[in-house]
A.B. asks: 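This is the structure, below, for whatever I ask next.
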There are 2 protein chains.
Amino acid sequence: MKANLEDIARAAGVSKMTVSRVLRGGSGFSDDTRTRVMQVAERLGYIPNRLAAAFGAEQASTLVGMCVPRLTSGLFGHVLDGVDRALTRLGFQLMIGANNHATDEEEAWVRQLVSWRPAGVILSGRTHSPGTVDLLRKTALPVVEIWDLTTSPIDMAVGFSHHDCGAEMGLHLIRRGRRRAGFVGALARADVMGAARLDGFRAALAQAGHPLADAEVLNDAPGFYAGYYGMETLLSRRGDLDAVYFHNDEMAIGGLAFCQARGLRVPEDIGIAGWGGMEAASILPRRLTTTLVPTTAIGKAAAEALVARLTGAAVPEVTVVPTRLVPGETV
Amino acid sequence: MKANLEDIARAAGVSKMTVSRVLRGGSGFSDDTRTRVMQVAERLGYIPNRLAAAFGAEQASTLVGMCVPRLTSGLFGHVLDGVDRALTRLGFQLMIGANNHATDEEEAWVRQLVSWRPAGVILSGRTHSPGTVDLLRKTALPVVEIWDLTTSPIDMAVGFSHHDCGAEMGLHLIRRGRRRAGFVGALARADVMGAARLDGFRAALAQAGHPLADAEVLNDAPGFYAGYYGMETLLSRRGDLDAVYFHNDEMAIGGLAFCQARGLRVPEDIGIAGWGGMEAASILPRRLTTTLVPTTAIGKAAAEALVARLTGAAVPEVTVVPTRLVPGETV
DNA sequence: CTCCATAGGTTTACCGGTAACGTGGGTATC
DNA sequence: GATACCCACGTTACCGGTAAACCTATGGAG
């Protein structure tokens with residue numbers, strides 16, 4: 001039932017090697033042989049064995065691994081989609097994992113992945129355990145780090161600066177006349193990139209002479225609830241805030257919901273800003289002030305950089321994919 | 001640099017086979033041998049080669065494939081998360097793909113997957129091409145079909161009935177006194193499961209003597225915009241509707257936004273119902289009437305059923321994971 | 001004292017491809 | 001006419017594990 005190259009070879013009256021060449025679309029055989037082999041392969045229902053192929057000739061692997069922080073993140077869903085579409089088109093298979101914002105979980109996943117001898121790896125973020133970096137360097141695997149720009153990537157990087165995103169929003173709030181801005185974050189200590197946005201935000205505000213009034217960084221997942229309760233906590237401490245910058249759009253919408261529940265007018269009484277871009281954010285009664293992140297484009301660029309490297313093409317070490325601040329109507 | 005079993009064997013003064021047994025935690029060696037082998041493996045930085053292992057002994061594969069309709073779907077992100085957590089815990093690796101609601105794309109993906117000789121496959125939905133079914137049957141691979149309950153699954157199924165979801169919501173609207181209900185769908189012709197919900201909805205309304213007033217099934221992706229414009233279209237045709245059931249919560253929220261923009265009061269002037277569950281839906285000024293789907297639980301159950309089958313345990317052909325209608329405040 | 005079970009190994013034979021190299025015959029070139 | 005060269009293949013030697021069969025002391029039972 002399970003035919004292999006040998007079976008086809010016997011039935012077609014050629015050698016195993018010729019069958020291999022024909023099926024991989026190589027050269028070194030006549031048209032006659034080609035059609036004969038193809039027909040026999042079809043008739044026997046041959047299913048290629050990539051395991052054997054990748055094992056016998058390691059450079060032939062078409063397996064790519066990708067690790068995201070959380071599979072439930074809407075933004076990373078789009079990144080995954082971009083990666084998947086590009087890889088599928090190029091004939092690669094995608095193995096995924098989640099690191100839950102923990103470098104040791106990432107390392108465990110990378111170890112598993114490497115044991116499959118993949119063609120390359122896509123990681124999210126700039127923070128990795130020494131073991132991960134060491135392993136990837138030793139195996140000399142092509143690596144693309146996405147999402148945040150690493151000053152010195154392990155191999156290649158595709159993304160943007162979270163620090164700059166925060167700074168840009170800080171400046172925007174100042175320009176809109178806000179003077180007492182706060183911040184609501186999530187995943188305290190776990191999410192380095194949210195922290196980078198806060199850093200940039202804080203720096204921009206300080207430089208403008210109106211330093212960050214207060215910040216509440218929760219330990220929870222960055223969802224609507226966290227935004228709602230983060231807003232509540234922040235306002236209970238500082239009732240005089242005139243703007244709040246959130247970890248992401250989900251949380252900002254949660255914050256908006258809280259304002260609505262308390263009868264606070266947005267943007268008159270208080271300004272609300274999110275980050276990341278989310279379809280819902282643009283259809284709210286007032287369009288959310290936020291920063292759009294080209295998620296799918298990042299995924300696509302990462303996959304293409306990886307494959308380009310595999311084909312020996314020159315690939316830039318760092319690819320910057322610009323984000324865009326959308327003023328909206330909530331600040 | 002790349003050590004293999006042979007290298008470890010030589011350095012530890014034992015045979016390759018003993019090293020293999022030690023590393024896999026088997027038996028048939030002394031404690032002394034064990035520690036010696038482990039130390040040498042550690043020192044040489046041995047990286048197991050799962051490719052070789054799976055190739056040499058096919059039943060040893062720890063690779064599981066999963067195909068979802070779209071990687072950008074919030075609901076399936078949670079399903080993937082459930083699958084991933086369960087598989088990681090059990091020592092399996094996850095290969096993913098998207099079928100974009102097209103059976104031929106699914107078949108192409110399955111063919112690629114099968115060539116990696118995986119331990120099992122998780123598919124979404126009940127609709128597959130004959131080629132897919134044929135291939136899976138021939139390879140006798142463990143298969144779990146999730147999301148919708150197939151009357152006769154290829155192998156195993158985990159999910160619920162979309163038809164029943166629709167019928168339950170139809171009945172709920174009737175009970176709330178709605179008499180002229182409409183439906184707004186998406187992914188016309190592509191999404192069989194949304195169509196099943198519409199069927200159930202229509203049947204329940206008809207049986208109650210207040211048949212479906214109108215339906216608008218768009219071709220677009222089921223997002224906020226589609227909900228907004230679908231609502232607009234539906235109301236322009238039938239201004240007298242007193243309830244609208246949407247393909248999912250995103251679209252329902254889009255519909256709510258349209259009502260708000262037009263000054264329609266919800267639920268007084270018109271009722272709005274969604275499907276699927278979405279964190280945002282429960283934090284709106286009025287909680288959305290919807291059906292909660294236990295996404296993560298489905299993923300977990302699917303992964304566990306697959307692994308149970310692999311270990312030879314008896315697994316029920318069909319696992320029903322109940323959904324729950326949440327009345328909310330929009331109907 | 002023999003027999004036998006058992007612990008603790010070793011040996012052998014694959015799994016199904018692919019790279020590298022070999023080969024025979026025909027054809028173009030000098 | 002000899003040489004070179006190419007085409008269309010065939011041969012051989014792996015890749016790194018694992019299953020299964022096979023050894024060989026050692027200790028205890030009968």
Side-chain angles (χ1 to χ4, degrees), chain A residues 1-38 40-41 44-63 93 112 114-119 139, chain B residues 1-38 40-41 44-63 91 93 112 114-119 139 310:
Chain A
M1 200 225 77
K2 309 190 145 193
N4 59 21
L5 289 193
E6 192 93 46
D7 300 329
I8 300 176
R10 208 168 12 230
V14 293
S15 76
K16 209 168 102 169
M17 199 60 220
T18 298
V19 176
S20 170
R21 281 197 276 250
V22 168
L23 292 181
R24 280 184 300 152
S27 61
F29 45 82
S30 64
D31 275 2
D32 182 49
T33 302
R34 204 182 74 86
T35 51
R36 197 151 32 93
V37 167
M38 294 295 249
V40 173
L44 297 182
Y46 174 69
I47 301 168
N49 189 335
R50 230 172 257 276
L51 225 45
F55 170 59
E58 218 154 271
Q59 74 274 33
S61 174
T62 57
L63 186 64
Q93 283 78 46
Q112 294 292 331
V114 167
S115 75
W116 284 99
R117 305 292 188 264
T139 53
Chain B
M1 198 227 75
K2 310 189 147 196
N4 59 22
L5 290 193
E6 192 94 48
D7 299 330
I8 300 176
R10 208 169 11 231
V14 293
S15 76
K16 208 169 100 169
M17 199 59 220
T18 298
V19 177
S20 171
R21 280 200 276 252
V22 168
L23 293 181
R24 281 182 301 151
S27 62
F29 46 81
S30 64
D31 275 2
D32 181 50
T33 303
R34 205 182 73 85
T35 51
R36 195 150 34 92
V37 166
M38 294 294 249
V40 173
L44 297 183
Y46 174 69
I47 301 169
N49 188 336
R50 231 171 256 277
L51 225 45
F55 169 59
E58 218 153 272
Q59 75 273 30
S61 173
T62 57
L63 186 63
Q93 284 77 45
Q112 295 291 332
V114 168
S115 75
W116 284 98
R117 304 293 188 264
T139 53
L310 291 173

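Scope of the values below: all heavy atoms of this structure, side chains included, with no hydrogens, waters or symmetry mates. Residue numbering restarts at 1 for every chain, and letters A, B, ... go by the order of the sequence lines.
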A.B. asks: Could you tell me if the side chain of Ile47(A) sits less than 4.5 Å from the side chain of Arg117(B), heavy atoms only?
C.D. replies: yes
A.B. asks: I want to verify a distance call: between dG9(C), dT18(C), dG17(D), whose nearest atom is closest to the Asn49(B) side chain?
C.D. replies: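 The nucleotide sitting nearest to the side chain is dG17(D).
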A.B. asks: Say whether Ser30(A) and Arg34(A), considering side chains only, have a donor N or O and an acceptor N or O under 3.5 Å apart.
C.D. replies: no
A.B. asks: Applying a 4.0 Å non-hydrogen cut-off, can you work out what Phe29(B) is touching in the nucleic acid: base, sugar-phosphate, or nothing?
C.D. replies: sugar-phosphate
A.B. asks: Atom CD of Glu6(B) to atom P of dG17(D): distance rounded to whole Å?
C.D. replies: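 So the CD-P distance, Glu6(B) to dG17(D), works out to 9 Å.
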A.B. asks: I'd like to know if Arg21(A) reaches the base of dT18(C) with its side chain such that a donor and an acceptor end up less than 3.5 angstrom apart.
C.D. replies: no
A.B. asks: In whole angstroms, how far is the C1' atom of dG17(C) from the CZ atom of Phe55(B)?
C.D. replies: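 For the pair Phe55(B) CZ and dG17(C) C1', the rounded distance is 6 Å.
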A.B. asks: At less than 4.0 Å, is any side-chain N or O atom of Tyr46(B) found next to OP1 or OP2 of dG16(D)? Yes or no.
C.D. replies: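 Tyr46(B) to dG16(D) OP1/OP2: no side-chain N or O under 4.0 Å.
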A.B. asks: Please work out if Ala57(A) contacts a base, only the sugar-phosphate, or nothing of the nucleic acid, heavy-atom cut-off 4.0 Å.
C.D. replies: sugar-phosphate
A.B. asks: How long is the line joining CE of Met17(B) and C1' of dA19(D), in whole Å?
C.D. replies: 7 Å
A.B. asks: How close or far is atom C1' of dG17(C) from atom CG of Asn4(A), stated in whole angstroms?
C.D. replies: 9 Å
A.B. asks: Between C1' on dG16(C) and CD1 on Ile8(A), what's the gap in Å once rounded to a whole number?
C.D. replies: 11 Å
A.B. asks: Please work out if Ser15(B) contacts a base, only the sugar-phosphate, or nothing of the nucleic acid, heavy-atom cut-off 4.0 Å.
C.D. replies: base
A.B. asks: Classify Thr33(B) by what it touches in the nucleic acid, base, sugar-phosphate, or nothing, heavy-atom distance under 4.0 Å.
C.D. replies: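 Counting heavy atoms under 4.0 Å across all strands, the contact made by Thr33(B) is with sugar-phosphate only.
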A.B. asks: Hey, does the side chain of Ser20(A) come within less than 4.0 Å of dT18(C)'s phosphate (OP1/OP2), counting only N and O?
C.D. replies: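 Result: yes.
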A.B. asks: Please tell me if Arg24(B) has a side-chain N or O lying less than 4.0 Å from either OP1 or OP2 of dA19(D).
C.D. replies: yes
A.B. asks: Hey, does Arg10(A) have a side-chain heavy atom less than 4.5 Å from the side chain of Lys16(A)?
C.D. replies: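 Side chain of Lys16(A) against side chain of Arg10(A), heavy atoms only: no contact under 4.5 Å found.
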A.B. asks: Would you mind reading off the distance between Arg10(A) atom CZ and dG17(C) atom C1', rounded to a whole angstrom?
C.D. replies: 15 Å
A.B. asks: Please answer whether the main-chain N or O of Trp116(A) pairs with a side-chain N or O of Arg50(B) as donor and acceptor at a distance below 3.5 Å.
C.D. replies: no
A.B. asks: Is it the case that dG16(C) (base atoms only) and Lys16(A) (side chain only) share a donor and an acceptor within less than 3.5 Å, ignoring hydrogens and angles?
C.D. replies: no
A.B. asks: In whole Å, what is the span from the CZ atom of Arg117(B) to the P atom of dC15(C)?
C.D. replies: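 The distance from CZ of Arg117(B) to P of dC15(C) comes to 13 Å, rounded to the nearest Å.
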A.B. asks: Does a side-chain N or O of Thr18(A) approach OP1 or OP2 of dG10(D) to a distance below 4.0 Å, or not?
C.D. replies: yes
A.B. asks: Do Leu23(B) and Tyr46(B) come close enough that some side-chain heavy atom pair is under 4.5 Å?
C.D. replies: yes
A.B. asks: Report which part of the nucleic acid Ser30(A) touches: base, sugar-phosphate, or nothing (heavy-atom distance under 4.0 Å, all strands).
C.D. replies: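 Touches sugar-phosphate only.
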A.B. asks: Checking contacts here: which listed nucleotide (dA19(C), dG16(D), dG16(C)) is nearest the side-chain heavy atoms of Ala52(B)?
C.D. replies: dG16(D)
A.B. asks: Is any side-chain heavy atom of Asn49(A) less than 4.5 Å from a side-chain heavy atom of Phe55(A)?
C.D. replies: no
A.B. asks: Can you tell me how far C1' of dG16(D) sits from CG of Leu51(A), to the nearest Å?
C.D. replies: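 Answer to the nearest Å: 12 Å.
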